[in-house]
Amino acid sequence: MPTEILHIDASFPDRGALLRATAVLRAGGLVAFPTETVYGLGANALDAAAVARIFTAKGRPATNPVIVHVATIESARALTQTWPDTAQVLARRFWPGPLTMVLPKNERVPDIVTAGGPTLALRIPAHPVALELLETCELPLAAPSANRSSELSPTRGEHVLRSLADRIELLLDAGATTGGLESTVIDLTATPPRLLRPGLISLAEIQAIIGAVELGQHAPDAGQSLPSPGMLPRHYAPRTPLELAGGSARQRVAELCCLGRRVGWVSFIREETVPGAIHVELPADPIGCAAQLYAVLHELDGAGLEHIVVAAPPDTPEWLAIRDRLARAASGHVG
Ligand code: TXA
Ligand code: MG
């Protein structure tokens, strides 16, 4: 099936394009659309067969539940069994925005959405195209990131097509997303609440509102599935081996170049170039860096390189989400 591509203004989405996407979604089809974090691969969350197509298109293991996007707090509550005060205050403060909350699901939500589990991940996205699509189609949309499973998330329409062309009915292409990193995921069914995935909304911002939050997740018992399988070590990875330099990235790059390897190098500070290496300098602030990180990794991944060496980002709380994604992208190639 050839993927239909509609270019759509990021601030003032065209109604015709939204109606076309609505028709595809209501017919059980798949629509990739921009959110303020990364592009999502959307299907009607109440249609088990449509959600099953997301898993097939991505090659996603059936054990990994997907996030459901809604337009209003009321629509979120309508899919949950309980709505604690913590959910209400966090929603009021951070929605629409890059915060995903895990809550007990109710019987309206098909099991495939939650990988058979009792909890559901929910968020209201802030991107005008995502929000207006949700309002127009009047459906909750299951939407994981619009990439093949375990690969880099897409921050531009062309990244979606590189990964999923001809596997989805429609792409709403609104250009680059602004946030660039996936949402923060917090499990409100745990006491105290647990941060399952660091993201653009920091732990400190959440703690300022609801108090204590635990970091990470309990190690699963043998044979049990992970509470947030997206936190598996290898995830968000380019196809080119990526290593996170423990010591001097420049020195590691120089070594590899001496061996005649084709090397890409990402740093967060100005560095003297190494002849032969492709060097990209990302912004030294975490927000600016997050906005560009995946696009840079996608570009280096398409450049026919043998190695991507990334300098270790600063070891401070504001860089937590970026350190997390880079550690996963390196998946054992830590230099
Ligand atoms: O920014 C984002 O969150 C993007 C955009 C499209 O909204 N979505 C996204 O979805 O990154 P996905 O499916 O690639 O990542 C969802 C994460 C995974 O780590 C998944 O395991 C976790 O959320 N998750 C989903 N449902 C869960 C649940 N019921 N309990 C615990 N973790 C869950
Ligand atoms: Mg993903």
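First listed ligand is number 1; within each ligand, the first listed atom is number 1. For this chain, numbers begin at 1 and follow the sequence in order.
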Could you list which atoms of ligand 1 come closer than 4.0 Å to a heavy atom of [X]?
{"X": "Thr37", "result": "1 (O), 2 (C), 4 (C), 5 (C)"}
{"X": "Leu196", "result": "31 (C), 32 (N)"}
{"X": "Ala121", "result": "25 (C), 26 (N), 27 (C), 29 (N)"}
{"X": "Val102", "result": "30 (N), 31 (C)"}
{"X": "His69", "result": "5 (C), 6 (C), 7 (O)"}
{"X": "Gly40", "result": "6 (C)"}
{"X": "Thr119", "result": "28 (C), 29 (N), 30 (N)"}
{"X": "Ser145", "result": "8 (N), 9 (C), 10 (O), 12 (P), 14 (O)"}

| Mind checking whether Leu300 and Leu305 have side chains closer than 4.5 Å, heavy atoms only? | yes

| request: Using a 4.0 Å heavy-atom threshold (strictly under), name the region of Arg60 that reaches ligand 1: side chain, backbone, both or neither. | output: side chain

| Part of Ala143 with heavy atoms under 4.0 Å of ligand 1, whether side chain, backbone, both or neither | backbone

What I want to find out is whether [X] reaches [Y] closely enough, with some N-O distance under 4.0 Å, to be called a salt bridge.
{"X": "Glu4", "Y": "Arg20", "result": "yes"}
{"X": "Glu255", "Y": "Arg250", "result": "no"}
{"X": "Arg270", "Y": "Glu281", "result": "yes"}
{"X": "Glu169", "Y": "Arg53", "result": "yes"}
{"X": "Asp173", "Y": "Arg156", "result": "no"}

| What do you reckon, does Thr35 have a nitrogen or oxygen under 3.5 Å from a nitrogen or oxygen of ligand 1? | no

| Between Glu182 and ligand 1, is there a nitrogen or oxygen pair with a distance under 3.5 Å? | no

| query | Any luck finding a side-chain donor-acceptor pair between His307 and Thr240 under 3.5 Å? | reply | no

| message | I need the minimum non-hydrogen distance between Ser163 and Glu151, along with the two atoms involved. | response | OG-OE1, 3.9 Å

| For Asp166 against Pro2, the heavy-atom pair lying closest together | OD1-CA, 3.3 Å

| task | For the Mg ion (ligand 2), decide whether Ser145 has an N, O or S atom at a distance under 2.8 Å. | result | yes

| note | atom 27 (C) of ligand 1: of Pro65, Ala142, Pro34, the nearest heavy atom sits on Pro65

| said: If we only consider heavy atoms of Lys105, is any one of them less than 4.0 Å away from an atom in ligand 1? | reply: no

| For ligand 1, is there an atom lying under 4.0 Å from some heavy atom of Asn64? | yes

| remark: Which of Val274, Val253, Leu244, Val266 passes side chain to side chain contact (heavy atoms under 4.5 Å, CB included) with Val309? It is Val253

